[in-house]
Amino acid sequence: PCQRYYQQALGVFSEYELAFKDPHHAAGGFGASSAQWLGLMLLKDLLSERSIQIPCDIQTCFKIRQQYQQWFAEPHNLRPSGYDILSQLYGHMMYCDPASHCIRPLSWPWPDYQLIIAKTHFKTATHTHLSQLDMSDHASFDRLGDIVKQAYHALEVADIVAFADSINAYRCGLQRAGLVEPVVQPLMQALMSKPELIAFKGCGAGSADVMLLLLPKNKLRKRRMFRLRIFSEAEHPLGEFLGTDSPASLFRYYSELWSQ
């Protein structure tokens, strides 16, 4: 989408030399491709003397998400959800219901627990994954939606046990529905043996790009940004974990880049 958008708007960008600074060095799984498209779209609006404020209001968020989805070249296939676009535009950890155009900001209610996003060494192309999905099993997708609502309720009432159970239940639901890439299954089995993790799930196409981990903060060094490994390279190809003391800031990362 980014390349096609750039080619279409070449007349606007022709006088500028553009570069995208990716702190993760094109590792995949952190929303870089959608951030590139979003950056071009916001820059075009700025150069056209139309300025979109970040964070956006909810209706503008969904409008831009729809524009992003229309830039995918295979309209007969499923298109990406665009949740990364919404989170970058809205700028918060949030609950989102696209069917009702609902976004509700959330705060992290557990100071003694930490969310970590861990990059794996795997990458599944999103468009390839979506083209292979069988959407006939509506019941499985409905059950996954119910689990998301349970996790949202757990956050509202600050029930860490229910929240952890929801993350684990979502992972199991993805596995039962055949939505987890075989290449990442051994890694998930290994993570299940780590007692310091109270919940985890894969994220990205085929649950392969990154792992979302939940664990007590006393298992970590108290630094604003940290990296650690729980596996040696010989055990599993799991990249360094990346986290912050404020989980919501993970969702604000690219929004802050654009605002700078």
Side-chain angles (χ1 to χ4, degrees), residues 23-25 27-32 35 83-84 86-88 90-96 104-122 147-175 180 184 187-204 207-233 235-257:
H24 306 295
H25 308 293
F30 292 115
Y83 284 130
D84 44 359
L86 293 175
S87 63
Q88 291 167 29
Y90 194 67
H92 293 275
M93 182 180 178
M94 65 186 189
Y95 170 77
C96 176
R104 294 173 187 165
L106 297 170
S107 58
W108 185 249
W110 302 294
D112 296 329
Y113 289 87
Q114 183 82 51
L115 271 182
I116 298 174
I117 293 178
K119 182 72 188 76
T120 72
H121 291 180
F122 309 121
I147 295 171
V148 171
K149 292 175 182 177
Q150 293 167 14
Y152 172 51
H153 177 71
L155 276 163
E156 283 194 309
V157 301
D159 186 339
I160 187 64
V161 174
F163 184 68
D165 288 346
S166 297
I167 294 175
N168 289 326
Y170 199 93
R171 180 188 76 245
C172 293
L174 290 172
Q175 290 175 315
V180 177
V184 81
L187 173 58
M188 289 190 170
Q189 288 294 325
L191 287 171
M192 290 176 66
S193 70
K194 298 295 179 179
E196 60 267 41
L197 299 179
I198 64 173
F200 73 92
K201 68 175 290 292
C203 305
S207 296
D209 295 349
V210 298
M211 291 289 155
L212 179 71
L213 312 172
L214 177 65
L215 70 165
K217 190 177 285 187
N218 61 17
K219 301 292 183 181
L220 304 170
R221 291 178 297 169
K222 295 190 178 298
R223 295 173 55 188
R224 184 173 182 273
M225 299 296 294
F226 58 83
R227 295 181 183 274
L228 75 154
R229 291 181 184 272
I230 61 173
F231 296 120
S232 69
E233 283 291 340
E235 288 182 296
H236 284 284
L238 186 67
E240 292 183 325
F241 294 172
L242 173 66
T244 87
D245 281 343
S246 173
S249 68
L250 294 171
F251 298 85
R252 291 198 302 267
Y253 179 74
Y254 282 119
S255 293
E256 290 174 352
L257 282 184

- List in chain and number order the residues that pass ring-ring contact (aromatic ring centres under 6.0 Å, His included) with Y95, two or more places apart in sequence or in another chain; answer none if no residue qualifies. Y152
- Between atom OG of S166 and atom CZ of R171, what is the distance when rounded to the nearest 0.5 Å? 12.0 Å
- Within-4.5 Å side-chain heavy-atom neighbours: M211 and I117: no
- Where do G202 and M188 come nearest, in terms of heavy atoms and distance? N-CE, 3.7 Å
- Task: For F200, check ring-ring contact (aromatic ring centres under 6.0 Å, His included) against everything at least two apart and list the hits.
- Result: none
- Query: Taking L213 as the fixed residue, which of L197, L115, I198 is the one that meets the side-chain contact (heavy atoms from CB on, under 4.5 Å) rule?
  - Reply: L197
- Task: List the atom of S107, the atom of L155, and the distance in Å for their closest heavy-atom pair.
- Result: O-CD2, 4.4 Å
- Tightest non-hydrogen contact, residues M94 and S87, listed as CE-N, 3.5 Å
- Query: Does the W108 side chain pair with the main chain of W110, one donor and one acceptor, at a distance under 3.5 Å?
  - Reply: yes
- Task: Supply the atom-to-atom distance M192 CE to L187 CG, rounded to the nearest 0.5 angstrom.
- Result: 12.0 Å
- Exercise: identify the closest heavy-atom pair between G31 and D84: CA-OD2, 4.2 Å
- What distance separates Y113 OH from F163 CZ, expressed to the nearest 0.5 Å? 12.5 Å
- Message: I'd like to check the side-chain contact (heavy atoms from CB on, under 4.5 Å) partners of A199; sequence neighbours left out, ordered by chain and number.
- Response: A164, I167, N168, L214
- Item | Which atom of L215 lies closest to which atom of E196, heavy atoms considered | CB-O, 3.1 Å
- So, for C96 and Y83, which heavy atoms are closest and what is the spacing to 0.1 Å? SG-CE2, 3.7 Å
